Amino acid sequence: MNPIDELLTRGVTQAIDRSHIERRLREGARLRIKLGIDPTGPLLHLGRAVPLLKLRAFQDLGHLPVIVIGDFTGRIGDASDKDAERRMLGRDEVEANMAGYLGQIGRILDMERVEIAYNSDWLGPMTFEEVAHLANLFSVAEMLDRENFFKRYKEGKRISLREFLYPLMQGYDSVAVRADVELGGNDQLFNLLAGRSIQRAHAQEPQDIMTFGMLEGSDGRKMSTTYGNIIAIADPPDEQFGKVMRLKDELILAYFELTTRAPRQRIEDLRQSLRGGLNPMEAKLLLAEEIVGLYHCPEDARAARERFLQVFRQRELPDEIPEVILPEGPITLQALLAEAGLAPSRSEAGRLIRGGGVRLNGQVVTDVSLGITVGPTPLLLQVGRRRVARIVSRPARR
RNA sequence: GGGGGGGUUCCCGAGUGGUCAAAGGGGGCAGACUGUAAAUCUGUUGGCUGACGCCUUCGAAGGUUCGAAUCCUUCCCCCCCCA
C-alpha cells in the first residue's frame with residue numbers, strides 16, 4: 001500500500017474532504033497539519049498518541065506538524081468526549097500539566113521539524129466583541145445537534161454556555177495557525193467542523209479534517225486522564241508493558257493499528273494467526289513489546305517482556321525487590337503492611353490479610369495480628385503478585 | 001420573578017426516624033482458574049483497634065429527638081415548567 005493511501009485510511013474514521021486532501025497530497029503541497037492538545041493532565045497517553053502517530057506519518061511525507069498547546073482552552077475545558085461537564089482548571093494547574101509535554105511528544109515526532117504554538121497568545125487578548133462575532137456564526141440549534149449536548153439536554157443535565165464557546169476557540173485556533181488539515185478523535189468532529197466554518201468566515205480556505213477511532217482503556221471506557229485508565233507514553237517500561245497485558249484480548253488488533261507503527265501487513269498476518277488459533281496472550285506480548293519499543297526502545301521492551309514472564313507466568317520474584325527500612329522492634333503483620341507502604345491503611349491491610357492476599361517469606365499468612373519482629377534479618381513481604389518489599393531494620397548492604 | 005424536582009460513600013444510583021458505614025451496578029483491590037495483569041467465578045471496597053467497640057461520612061451550618069442520610073430552620077448549588 002502506498003504511503004498516501006495508508007495515511008488516509010489507517011485508523012481513520014472520517015476524512016473531510018477526502019478527495020480534496022488526497023489531491024493536495026498528490027500535488028506535493030507542503031501542508032500545515034494541526035493538532036491541538038489541551039493540558040488536562042501531566043501525562044500524554046496512548047489515546048493522544050493516535051493523532052500524534054498520524055502527525056508523524058504526515059511529517060515523514062514532508063508536511064509540517066503544527067502543535068497547538070491549549071494553555072487557554074485547557075483552562076476552559078472541552079466537554080466533547082464526556083457526558084458531563086469538565087471542570088475549569090487554574091493557570092498554575094495547566095502550566096504544571098504541560099511542563100513535560102514537549103519531551104513526551106518528542107518520543108513520537110521529530111521535534112526539529114515541528115511548529116509549536118500556544119493558544120493563549122491569541123485567545124487571551126480577544127475582546128468580547130470578537131467573541132460575539134464568532135458566536136454569531138453558530139445557532140443554538142446547531143449546537144444542540146451535537147449528540148452529546150443533546151443527550152445531556154434531554155437528560156436534564158447542566159450544559160454551561162461556556163461549553164458552547166469551546167468549539168469557537170478551537171475553531172479560531174485553526175485560523176490563527178492557518179491550518180490546512182486538522183487531526184482529532186471522533187469526539188472532536190464538531191470542533192473540527194467548527195474550525196472550517198470559522199476559517200471560511202475569516203476568508204481562509206477551510207481546513208480538511210481527519211478523525212480517528214477512540215482508544216478503549218482497560219476498563220472498557222474511552223482512555224482518558226479523567227477516568228484514570230490511561231497507559232502513558234512516559235510510563236516506565238515495566239508498567240507500560242503490564243498495562244498493555246491487562247487490556248482485553250479483543251483490543252489487541254485495534255491497538256496495533258492505532259498505537260503502533262507496525263506495518264499493516266504484519267497486523268494482517270497477526271489477525272490471520274489469531275483466527276487460526278494463536279493464543280491471544282502471545283499476540284498481546286508482541287503488542288506490549290511493540291508499544292514499549294516505540295515509546296522507549298527495543299532493548300527496554302525485551303527486558304520488560306522478560307521480567308513480565310518471570311513474575312507473572314513463572315510466578316517468580318523479580319530480580320530487584322525494593323527495600324524498606326523500618327525501625328527495629330515488634331510489630332503486627334497488619335501494621336507492618338501499612339508501614340511498609342504495601343497497603344494504604346491498616347484497615348485495608350487487614351482486609352488483604354484476611355482475604356489471603358498476603359505472603360510473608362513466601363507463605364500465605366491470614367493472621368492479622370501475627371506478631372513480627374523487624375530486625376537485621378530481611379523479611380520478604382508480598383501483596384498479590386505486584387507488590388513486593390524486603391523489610392529490614394537497617395540497610396542490608398554495607 | 002413564580003411553581004415543581006433534586007444534591008448520598010471513587011462514579012452511577014437505592015434509601016425518607018433506629019435493624020445504615022448505608023441496597024444494587026460500575027470501577028478498584030485480592031483469591032480461584034489460566035501458557036495474559038484477558039475472559040469467567042468468588043471475596044472485598046471510610047478510618048482506628050488483636051478483639052468488644054469507637055470515630056468520621058449522606059451539599060453547608062444550626063435545631064428537634066434517647067436516637068437523623070432520613071424531621072425542622074437558614075444558606076449554597078443543580079434541573080424542569082411558567083413569566
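Just so it is clear: chains get the letters A, B, ... in the order the sequence lines come, proteins before strands, and each one is counted from 1. The model shown is predicted, which means the values in this text are computed figures rather than measured ones.
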> Across all strands, who's sitting opposite A21(B) as a Watson-Crick or G-U wobble pair, both distances under 3.5 Å?
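Here A21(B) is not engaged in any pair, so there is no nucleotide opposite it.
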
> Scan R386(A) against the nucleic acid and name what it touches under 4.0 Å (heavy atoms): base, sugar-phosphate only, or nothing.
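R386(A): base contact, heavy atoms under 4.0 Å.
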
> Salt bridge check, E339(A) against R346(A): does any charged N sit closer than 4.0 Å to a carboxylate O?
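Yes, charged N to carboxylate O under 4.0 Å.
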
> Could you tell me whether E316(A) and R385(A) make a salt bridge, using a distance below 4.0 angstrom between a side-chain N and a carboxylate O?
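Between R385(A) and E316(A) there is no salt bridge, as every charged N stays at least 4.0 Å from the carboxylate O atoms.
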
> In whole angstrom, give me the gap between the C1' atoms of G13(B) and G4(B).
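Looking at atom C1' only, G13(B) and G4(B) are 22 Å apart.
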
> Would you say I198(A) and L134(A) make side-chain contact, with heavy atoms under 4.5 Å?
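Yes, their side chains come closer than 4.5 Å.
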
> Taking atom P in both A60(B) and G24(B), what distance in whole Å separates the two?
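After rounding to an integer number of Å, I get 25 Å for this pair.
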
> Starting at the 5' end of RNA chain B, which residue's closest nucleotide do you reach first, Y153(A) or F312(A)?
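Its nearest nucleotide lies further toward 5', so the answer is F312(A).
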
> What integer number of Å spans the P atoms of G50(B) and G59(B)?
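That atom pair is separated by 33 Å.
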
> Begin from the C-alpha positions of L317(A) and V388(A) and carry the test side-chain contact (heavy atoms from CB on, under 4.5 Å) through to its verdict.
CA-CA 8 Å; L317(A) 288 168; V388(A) 194; 4.2 Å; yes

> Establish, for the pair R305(A) and F308(A), whether the NZ or CZ atom is under 6.0 angstrom from the six-membered ring centre and no further than 45 degrees off its axis.
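Because its charged atom misses either the 6.0 Å distance or the 45° angle limit, R305(A) does not stack over F308(A).
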
> K284(A) near the nucleic acid: base, sugar-phosphate alone, or nothing, with a heavy-atom cut-off under 4.0 Å?
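K284(A): base contact, heavy atoms under 4.0 Å.
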
> With a strict under 4.0 Å distance from non-hydrogen atoms of chain A, what nucleotide opens and what nucleotide closes the contacted stretch of RNA chain B, reading 5' to 3'?
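Result: G27(B) to C79(B).
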
> Can you tell me, in whole Å, how much space there is between the P of C54(B) and that of G17(B)?
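Their P atoms lie roughly 24 Å apart.
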
> So G384(A), base contact, sugar-phosphate only, or nothing? Heavy-atom distance under 4.0 Å.
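Sugar-phosphate: the residue G384(A), judged by heavy atoms under 4.0 Å, touches backbone atoms but no base.
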
> For L251(A), report the nucleic acid contact type (base, sugar-phosphate, nothing); a contact means any heavy atom under 4.0 Å.
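Nothing: the residue L251(A), judged by heavy atoms under 4.0 Å, touches no strand.
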
> Can you tell me the base-pairing partner of U73(B)? Count Watson-Crick or G-U wobble geometry only, both distances below 3.5 Å, and say none if there is no partner.
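Paired with U73(B), as far as the under-3.5 Å criterion goes, is A61(B).
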
> Mind checking the P distance from U65(B) to C79(B)? Whole angstroms is fine.
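Between the two P atoms, the distance is 38 Å.
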
> On a whole-Å scale, what distance lies between the C1' atoms belonging to G7(B) and G18(B)?
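Here G7(B) and G18(B) have their C1' atoms 24 Å from each other.
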
> For U40(B), what is the paired nucleotide under Watson-Crick or G-U wobble rules, both distances under 3.5 Å?
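By the stated definition (distances under 3.5 Å), A32(B) pairs with U40(B).
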
> Taking atom P in both U45(B) and G25(B), compute the distance separating them and give it to the nearest angstrom.
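My reading of the P atoms in U45(B) and G25(B) gives 14 Å.
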
> What's S347(A) touching, base or sugar-phosphate or nothing? Going by heavy atoms closer than 4.0 Å.
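Since a base atom lies under 4.0 Å of S347(A), the category is base.
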
> Closer to the 5' end of RNA chain B via nearest nucleotide, is it R354(A) or M281(A)?
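Counting from the 5' end, the first nearest nucleotide belongs to M281(A).
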
> Angle between ring planes, Y172(A) versus H202(A), binned at 30° and 60°: parallel, tilted or perpendicular?
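It falls in the perpendicular class, over 60°.
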
> Take atom P in A30(B) and the same atom in G63(B), then report the distance between them in whole Å.
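One P to the other, the span is 45 Å.
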
> Name every donor-acceptor pair, under 3.5 Å, that has one atom in a side chain of residues 244-256 of chain A and the other anywhere in the protein, sequence neighbours excluded.
| unit_1 | atom_1 | unit_2 | atom_2 | d |
| --- | --- | --- | --- | --- |
| D249(A) | OD1 | K284(A) | NZ | 2.9 |
| Y255(A) | OH | E216(A) | O | 2.5 |

> Heavy atoms only, 4.0 Å cut-off, all strands: where does R359(A) land among base, sugar-phosphate and nothing?
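No contact.
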
> For the pair E22(A) and R26(A), find out whether any cationic side-chain nitrogen is under 4.0 Å from an anionic carboxylate oxygen.
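Here E22(A) pairs with R26(A) in a salt bridge, since their nearest N and O are under 4.0 Å apart.
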
